[in-house]
Amino acid sequence: LAQEVAPFGIHTTIVNPGFFRTGLAGPESLVWPEVAVEDYAERSAAQREWWRAQDGRQPGDPAKLAQALLT
């Protein structure tokens, strides 16, 4: 992207901050598929448990991220 827009005097920055304490991992936000593949049942169960464990415990502070992006 940077090379494509550079001739126009545009500079770009990519921000990939990772996990932040939001409702993203909550049961209200996550939607799991109705179709299950038995071969992946064990892995799928482990993945769902991992997401449940993240809810509200993500390390990042959303307010700090917002301020950093504005800065």
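The figures here come from the full heavy-atom set of this structure, side chains too, leaving out hydrogens, waters and symmetry mates.
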Taking all heavy atoms of [X] and all of [Y], pick out the closest pair and write down the distance.
| X | Y | value |
| --- | --- | --- |
| A25 | L30 | O-CD1, 3.6 Å |
| R48 | P33 | NH2-O, 3.9 Å |
| Q58 | Q54 | OE1-O, 3.0 Å |

For [Y], does its backbone N or O pair with a side-chain atom of [X] as donor and acceptor, under 3.5 Å?
| X | Y | answer |
| --- | --- | --- |
| R21 | G56 | no |
| Q47 | A45 | no |
| T71 | Q67 | yes |

| For the atom pair CG (D55) and CD (E28), what is the distance rounded to the nearest 0.5 Å? | 7.0 Å

| task | Calculate, to the nearest 0.5 Å, the distance between atoms CG and CG belonging to L65 and L70 respectively. | result | 9.0 Å

| task | Tell me whether L1 is reachable from F8 by hopping between hydrophobic residues (I, L, V, M, F, W, Y) whose side-chain heavy atoms are closer than 4.5 Å. | result | yes

| message | A quick test of your reading: do over 12 heavy atoms of other residues, nucleotides or ligands sit less than 6.0 Å from CD of E49? | response | yes

| query | How are the rings of F19 and W50 set relative to one another: parallel (under 30°), tilted (30 to 60°) or perpendicular (over 60°)? | reply | tilted

